[in-house]
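As the structure is a computational prediction, the values presented were derived from the model and not from experiment.
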Amino acid sequence: MPFLLSLASRTAKVIAPCLLASIVTVSFSDEPHRAVMAWCVGILIAAVALRERLRTL
């Protein structure tokens, strides 16, 4: 989800960290607390980038 949300952002700099957060989330799927933390970081990065894109419109 963070990666898909980052595709809607204006800059390409956001895509790599969100993709990395998505991969870490999947790799930590055995440990729910770590997976949720990685997912939240990815969503936070993507949400800020999306907010900046909407703000500039």
Side-chain angles (χ1 to χ4, degrees):
M1 174 111 170
F3 177 66
L4 295 175
L5 187 60
S6 70
L7 292 176
S9 70
R10 182 167 274 240
T11 62
K13 294 178 183 178
V14 178
I15 295 173
C18 289
L19 179 61
L20 181 65
S22 296
I23 291 170
V24 169
T25 300
V26 171
S27 68
F28 285 153
S29 62
D30 293 342
E31 301 173 22
H33 298 303
R34 289 185 181 178
V36 168
M37 187 63 177
W39 186 81
C40 287
V41 168
I43 286 290
L44 181 66
I45 293 169
V48 168
L50 186 61
R51 183 185 66 124
E52 288 298 315
R53 177 181 179 156
L54 293 175
R55 189 175 64 112
T56 60
L57 289 178

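Ser6 approaches Ala46 most closely through the heavy-atom pair N-CB, 3.9 Å.
The hydrophobic cluster analysis finds Met37 isolated: no Ile, Leu, Val, Met, Phe, Trp or Tyr side chain comes under 4.5 Å of it, directly or through other members. Members clustered with Val41: Val14, Ile45, by chain and number, using a 4.5 Å side-chain heavy-atom cutoff among hydrophobic residues.
Sorted by first and then second residue, the salt bridge (Lys or Arg N to Asp or Glu O under 4.0 Å) pairs involving residues 42-52 (not counting sequence neighbours) are Glu52-Arg55. Sorted by first and then second residue, the pairs that involve residues 14-31 and meet salt bridge (Lys or Arg N to Asp or Glu O under 4.0 Å), not counting sequence neighbours, are Glu31-Arg34.
If you chain together hydrophobic residues whose side chains sit under 4.5 Å apart, Leu57 and Leu5 fall into the same group.
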Result block: side-chain N/O donor-acceptor pairs under 3.5 angstrom for residues 15-26, not counting sequence neighbours:
from	atom 1	to	atom 2	distance (Å)
Ser22	OG	Cys18	O	3.1
Thr25	OG1	Ala21	O	2.7
Thr25	OG1	Trp39	N	3.3

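Every side chain to side chain contact (heavy atoms under 4.5 Å, CB included) that Leu4 has, sequence neighbours left out, goes to Leu7.
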